[in-house]
Amino acid sequence: MVTMDMTGSRLTRPLIVLTGTFAFNNRTLLGKYVDNNKARVLFNKSHWMTNEIAIIYLSEIKLMYPGRKIGLIWDYAAAHFSEEVIVWLENDNATNESGTIIILEYVDRGLTCVYQMCDITINRPLKSGIKRKYECHRYENRQLNDSGKYYDHVVTRDDIISFISEAYAKINSENLADRYIARSFDICGLNPYDTNLDLFKKHLDSLSECQIYKNALECQQRLN
């Protein structure tokens with residue numbers, strides 16, 4: 001789960017879901033990774049976003065910004081708007097002792113490729129960074145077998161977590177000089193303090209030159 005902080009122009013600690021028994025039912029796995037301050041590591045059988053994972057994620061966000069009112073923009077993945085998750089959030093917003101509140105907003109269906117910040121700004125550099133870490137790791141740990149040929153080093157769960165954490169750190173380091181994460185909120189029209197939307201209009205104009213994006217926008221306009 002990738003989360004972009006507009007004010008700080010940074011990625012928050014990654015939430016990584018790997019294959020395994022659900023975290024709270026597997027104390028061995030949970031105990032091994034609970035103190036990892038670079039990533040929040042959870043497990044379930046589908047290694048996918050479920051209602052339980054979504055609730056843990058929202059809890060993590062609240063812990064990062066205690067006492068704040070948080071605007072969270074995410075897509076229409078099933079767990080993001082399930083009754084269980086929405087009811088939990090409403091109850092926690094009303095009873096949270098720190099006064100921390102999350103207000104949800106959703107990217108319209110079919111338009112994540114048009115104005116979801118993570119898709120527009122982070123997906124490519126993050127995936128490229130993880131891939132580079134993986135390739136360097138394979139090269140540095142290559143070994144010869146008995147026939148004189150190289151065989152692949154086994155990539156462990158800890159290696160994967162390290163690849164992701166290091167790719168995150170690189171992006172955050174870049175944003176100290178070039179706040180492109182914060183700027184992406186302007187580009188996607190999702191900065192509540194941006195009154196003129198110039199970058200968003202420019203972004204939409206550039207997308208209209210691509211037939212695939214143009215069709216997506218026209219389809220959404222008809223639905224609205």
request  = Please step through side chain to side chain contact (heavy atoms under 4.5 Å, CB included) for the pair H137 and K133, ending with a clear verdict.
outcome  = CA-CA 6 Å; H137 179 84; K133 295 295 180 182; over 6 Å; no
Side-chain donor-acceptor pairs under 3.5 Å in residues 70-78, sequence neighbours left out?
unit_1 : atom_1 : unit_2 : atom_2 : d
D75    : OD1    : A77    : N      : 3.1
D75    : OD1    : H80    : ND1    : 3.0

Sorted by chain and residue number, the side chain to side chain contact (heavy atoms under 4.5 Å, CB included) partners of S128 (sequence neighbours excluded) come out as R124, R132
Validation row: [X], [Y] side chains within 4.5 angstrom (heavy atoms):
X	Y	answer
N44	L42	no
Y168	T12	no
R40	I56	yes
D5	L11	no
I181	M4	yes
F163	C136	no
L104	I86	yes
K170	E174	yes

Next on the checklist: Show, in sequence, the C-alpha distance, side-chain angles and deciding distance for K62 and I101, and conclude whether the side chain to side chain contact (heavy atoms under 4.5 Å, CB included) test is met.
Outcome noted: CA-CA 7 Å; K62 287 197 169 195; I101 295 174; 5.6 Å; no
The side-chain hydrogen bond (donor to acceptor under 3.5 Å, both in side chains) partners of N172 (sequence neighbours excluded) come to none
* Pairing residues for D198 by the side-chain hydrogen bond (donor to acceptor under 3.5 Å, both in side chains) criterion, not counting sequence neighbours ->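 Per chain and number, D198 pairs via side-chain hydrogen bond (donor to acceptor under 3.5 Å, both in side chains) with no residue.
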Shared hydrophobic cluster, [X] / [Y] (ILVMFWY, side-chain heavy atoms < 4.5 Å):
X	Y	answer
W48	I160	no
I103	F81	no
I61	L15	yes
V2	Y134	yes
I55	I53	yes

Closest heavy-atom contact between [X] and [Y]?
X	Y	result
S9	A182	OG-N, 3.1 Å
V85	N51	CG2-O, 3.8 Å
T100	N96	N-OD1, 3.6 Å
A79	A54	O-CB, 4.1 Å
G189	L197	CA-CD2, 4.2 Å

Could you go through the side chain to side chain contact (heavy atoms under 4.5 Å, CB included) check for M6 and N191 one step at a time?
CA-CA 8 Å; M6 183 187 77; N191 179 355; 3.6 Å; yes
So does [Y] get a backbone contact from the side chain of [X], meaning a donor-acceptor N/O pair under 3.5 Å?
X	Y	answer
N91	T95	no
N175	I171	yes
R179	T7	yes
D159	T156	yes
S173	A169	no

Apply side chain to side chain contact (heavy atoms under 4.5 Å, CB included) to S82 and W88, showing your working. CA-CA 10 Å; S82 70; W88 177 88; over 6 Å; no
Could you pull out all donor-acceptor pairs under 3.5 Å where a side-chain atom in residues 114-121 meets a protein atom, sequence neighbours excluded?
unit_1 : atom_1 : unit_2 : atom_2 : d
Y115   : OH     : D108   : N      : 2.9
Y115   : OH     : D108   : OD2    : 3.4
Q116   : NE2    : D119   : OD1    : 3.4
D119   : OD1    : N123   : ND2    : 3.3

What distance do [X] atom [atom1] and [Y] atom [atom2] have between them, rounded to the nearest 0.5 Å?
X	Y	atom1	atom2	result
K202	D205	NZ	CG	10.0 Å
L58	L63	CG	CG	11.0 Å
E135	I130	CD	CD1	12.0 Å
I122	S184	CD1	OG	6.5 Å
D186	N196	CG	CG	8.5 Å

In short, ring pair (Phe, Tyr, Trp, His ring centres under 6.0 Å) pairs touching residues 179-198 with sequence neighbours left out are none
| query | Taking NZ, NE, NH1 and NH2 as the nitrogens, is one of them in K38 or E166 under 4.0 Å from a carboxylate oxygen of the other? | reply | no
Notebook entry, point to check: Between D178 and R183, is there a side-chain N and carboxylate O pair less than 4.0 Å apart?
Noted result: yes
